[in-house]
Amino acid sequence: MQLEKNVSLKSFNTFGLDQHAEFFTEVSSAAELIETLTWADENNLPVKILGGGSNILITGDIRGLVIKVNIKGITPIEETDTNVLVKVAAGENWHDFVQFAISKGWGGIENLSLIPGTVGAAPIQNIGAYGVEIKDVFQSLEAVDRSTGRQVVFDGHSCRFGYRDSFFKQDGRDRFVICAVTFRLSKTPAFQLSYGTVEETMHELGYVEPTLKAVGETICFIRQQKLPDPSKIGNAGSFFKNPVIEKTHYEKIKNEHPTLHGFPVGDGIKIPAAWLIEQSGWKGKRWGTVGVHERQPLVLVNYGSGKGRDLLYLSQSIQKSVFEKFQISLEPEVNLW
Ligand SMILES: Cc1cc2nc3c(=O)[nH]c(=O)nc-3n(C[C@H](O)[C@H](O)[C@H](O)COP(=O)(O)OP(=O)(O)OC[C@H]3O[C@@H](n4cnc5c(N)ncnc54)[C@H](O)[C@@H]3O)c2cc1C
């Protein structure tokens, strides 16, 4: 175990926040992870698990140990004429894995192209985009249970996937470290093109028929137009989840604000958090070194030297205004550290 002390996490989080970890280490195998967790327990150190740092807001310096999961490997474990089961280690970069799958002709995750972060973090919030979520291709995952130090396997049912949610964000929070995820990908993919402008943009890019490559490139093109690149301006993608409200509440707001468009889900209506934030006057607002993105109000940004606590305060101020105006509580999608 190679342990470093007082390490800046600036290059390990996409907000680019310069907070420090008391102790920091990287692990490249499940055995090394177990050894490191045991050492932290023996030394009474709290532990935080880090992937690509694209879904965290570090609100201050971290006491204890940050473990970056760097376990690598992509292994097909079963193949039929129509499907492949592929096991991917937690430290693999998500987008690199999507590109690999596309190059092999394995479909199911092409709509999830260009989502930052690691494979191990993908089940935590059931990553999703353009009509697809990883629950749609999920087979199982292997994790270390921090309460026993043992390796355990979860199937899809026990992960309790929901909208940007899973067991690992609820009852299983901070208890399991994911080491590998197995996906069921298709050799005869059914393309999902109906979400937003995917089909139209694909044709504009010159593709007549959908292929894995065409869809993957279309998604990358759309995302590059829409979302700020964390390497240019610090951000963690969508900061809040889209809230689901009761139909009567939705109709009341819609009467006063005809530009609101909701989508029926279960027994409620999901509405865009971006719309609520914009209507509350926050779009493009800058507070010193942090702010709300000028085109995408769901994205909070660090202009360079911002602090985690400033972003936290900004996010809480947005929540307060939205609640006062619409009586809707916005829930952060980003994990607060
Ligand atoms: C520009 C941008 C666009 C984005 N677009 C999308 C999008 O379209 N859809 C979407 O769903 N998300 C999106 N995100 C959010 C983010 O990419 C995903 O949530 C991603 O899965 C986070 O991966 P990560 O490795 O960076 O996780 P981290 O930020 O490192 O960690 C996130 C959480 O997971 C925990 N964790 C990380 N790895 C493990 C592990 N191996 N075992 C147990 N716990 C772990 C951490 O402790 C933390 O609580 C976007 C982010 C950015 C910056």
Side-chain angles (χ1 to χ4, degrees), residues 9 12-17 21 26-28 30 33 37 46-58 62 65-72 88-98 109 111-135 141-146 151-152 154 159 161-170 172-181 195-196 219-220 222-224 226-242 293 296 298-302 332-337:
L9 298 174
F12 294 106
N13 72 102
T14 58
F15 266 125
L17 295 165
E26 299 195 23
V27 294
S28 53
L33 171 68
L37 290 169
V47 168
K48 292 236 177 274
I49 302 300
L50 179 69
S54 65
N55 202 22
I56 52 171
L57 171 61
I58 311 175
I62 308 284
L65 174 65
V66 172
I67 302 177
K68 179 163 167 56
V69 178
N70 213 3
I71 310 170
K72 294 290 167 88
V88 189
E92 290 288 344
N93 174 276
W94 173 263
H95 179 65
D96 290 350
F97 167 54
V98 174
I109 50 174
N111 288 41
L112 304 179
S113 294
L114 220 57
I115 296 182
T118 56
V119 168
I124 304 279
Q125 72 157 7
N126 178 28
I127 57 166
Y130 299 95
V132 174
E133 294 179 321
I134 72 148
K135 74 167 173 41
L141 66 78
E142 290 167 23
V144 171
D145 183 345
R146 286 168 60 182
Q151 282 186 259
V152 284
F154 284 79
C159 289
F161 291 122
Y163 160 61
R164 299 299 176 276
D165 200 19
S166 74
F167 170 72
F168 306 103
K169 277 188 105 172
Q170 304 295 336
R173 192 176 196 102
D174 295 334
R175 182 170 155 192
F176 298 92
V177 185
I178 297 170
C179 295
V181 186
Y195 195 99
I219 299 290
C220 289
I222 297 173
R223 291 182 70 97
Q224 279 157 348
K226 252 183 86 177
L227 287 166
D229 178 352
S231 68
K232 299 199 175 107
I233 183 163
N235 76 87
S238 302
F239 195 91
F240 298 103
K241 291 185 183 185
N242 292 319
H293 193 261
Q296 181 45 270
L298 202 44
V299 177
L300 306 192
V301 293
N302 173 15
E333 178 183 313
V334 168
N335 298 277
L336 303 180
W337 273 26

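Atoms within a ligand are numbered from 1 in the order they appear, just like the ligands themselves. No hydrogens, no waters, no symmetry mates; every other heavy atom, side chains included, goes into these values. Position 1 is the first residue of the sequence, and the numbers go up from there.
The shortest N or O to N or O distance between Ile49 and ligand 1 is under 3.5 Å. At a 3.5 angstrom cut-off on N or O pairs, Ile178 counts as close to ligand 1. For ligand 1, none of its N or O atoms has an N or O atom of Ala90 under 3.5 Å away. For ligand 1, the polar-atom distance check finds an N/O of Gly53 within less than 3.5 Å of one of the ligand's N/O atoms. Ligand 1 has no N or O atom lying under 3.5 Å from any N or O atom of Ile124, backbone or side chain. Geometrically, ligand 1 and Ala129 share no nitrogen or oxygen pair separated by less than 3.5 Å. Between Pro228 and ligand 1, no pair of N/O atoms sits closer than 3.5 Å. In terms of polar-atom proximity, Asn55 is counted as a contact of ligand 1, with an N or O under 3.5 Å from an N or O of the ligand.
Within the structure, ligand 1 lacks Lys48 among the residues with a heavy atom less than 4.0 angstrom away. A heavy-atom separation below 4.0 Å is not found between Glu133 and ligand 1. Remark: distances from the non-hydrogen atoms of Trp94 to ligand 1 are all 4.0 Å or more. Within the structure, ligand 1 has Arg223 among the residues with a heavy atom less than 4.0 angstrom away. Proximity of Phe168 to ligand 1 is not established, as no heavy-atom distance is less than 4.0 Å.
A distance of 12.0 Å separates OG in Ser54 from CH2 in Trp94, rounded to the nearest 0.5 Å. Atoms CD1 and CG, on Ile219 and Asn111 in that order, are 4.5 Å from each other to the nearest 0.5 Å.
No donor-acceptor pair under 3.5 Å is formed between the side chain of Arg223 and the backbone N or O of Leu112. Between the Tyr130 side chain and the Ser113 main chain, no donor and acceptor come within less than 3.5 Å of each other. Checked by atom type and distance alone, the side chain of Thr14 pairs as donor or acceptor with a backbone atom of Asn235 at under 3.5 Å. With hydrogens and angles ignored, the 3.5 Å screen pairs a side-chain donor or acceptor of Asn302 with a backbone N or O of Phe15. Between the Thr118 side chain and the Gly91 main chain, no donor and acceptor come within less than 3.5 Å of each other. In this structure a side-chain-to-backbone donor-acceptor pair under 3.5 Å is present from Asn126 to Gly162.
Residues Arg146 and Asp174 share a closest heavy-atom pair of NH1-O, 3.0 Å. Of all non-hydrogen atoms in Leu57 and Phe239, the two that sit nearest each other are CD2-CZ, 3.8 Å. Across every non-hydrogen atom of Val299 and Ser238, the tightest pair is CG2-N, 4.3 Å. Across every non-hydrogen atom of Val119 and Ala89, the tightest pair is CB-O, 3.8 Å. Taking every heavy atom of both residues into account, Asp165 and Lys169 meet most closely at OD1-CB, 3.5 Å. Taking both residues in full, the closest heavy atoms of Ile109 and Val98 are given as O-CG1, 3.6 Å, listed atom of the first, atom of the second, then distance.
Ranking protein heavy atoms by distance to atom 16 (C) of ligand 1, first place goes to Ser54 OG, 3.3 Å. Annotation: atom 9 (N) of ligand 1 to nearest protein heavy atom, Gly128 O, 2.8 Å. Of all protein heavy atoms, the one closest to atom 43 (C) of ligand 1 is Phe176 O, 3.4 Å. What sits closest to atom 50 (C) of ligand 1 on the protein, heavy atoms only, is Pro116 CD, 3.7 Å. Of the protein's non-hydrogen atoms, the one nearest atom 24 (P) of ligand 1 is Gly52 N, 3.4 Å. If you check which protein heavy atom lies closest to atom 19 (O) of ligand 1, you get Gln125 NE2, 2.9 Å. In this structure, atom 37 (C) of ligand 1 lies nearest to the protein heavy atom Ala121 CB, 3.6 Å. If you check which protein heavy atom lies closest to atom 49 (O) of ligand 1, you get Asn335 CG, 3.5 Å.
For ligand 1, the atoms lying closer than 4.0 Å to a non-hydrogen atom of Val177 are 42 (N), 43 (C). Atoms of ligand 1 lying under 4.0 Å from any heavy atom of Thr118, numbered from 1 in the order shown and given with element: 23 (O), 24 (P), 25 (O). Each of the atoms 23 (O), 24 (P), 25 (O), 26 (O) of ligand 1 lies under 4.0 Å from some heavy atom of Gly117. Residue-ligand proximity, Gly237 to ligand 1, at heavy-atom distances under 4.0 Å covers atoms 2 (C), 3 (C), 51 (C), 52 (C), 53 (C).
Test Glu333, Glu133, Lys241 against Gln125 for side chain to side chain donor-acceptor pair (under 3.5 Å) and you get one pass: Glu333.
Summarising the contacts of atom 14 (N) of ligand 1 with Thr14, Leu57, Leu50, Ile115, the nearest heavy atom is found in Ile115. The closest non-hydrogen atom to atom 21 (O) of ligand 1, taken over Ile56, Ile127, Asn70, Val27, comes from Ile127. With Val47, Asp174, Asn235 as candidates, the residue nearest to atom 1 (C) of ligand 1 on a non-hydrogen basis is Asn235.
Using cut-offs of 30° and 60° on the angle between ring planes, the pair Phe154 and Phe168 is perpendicular.
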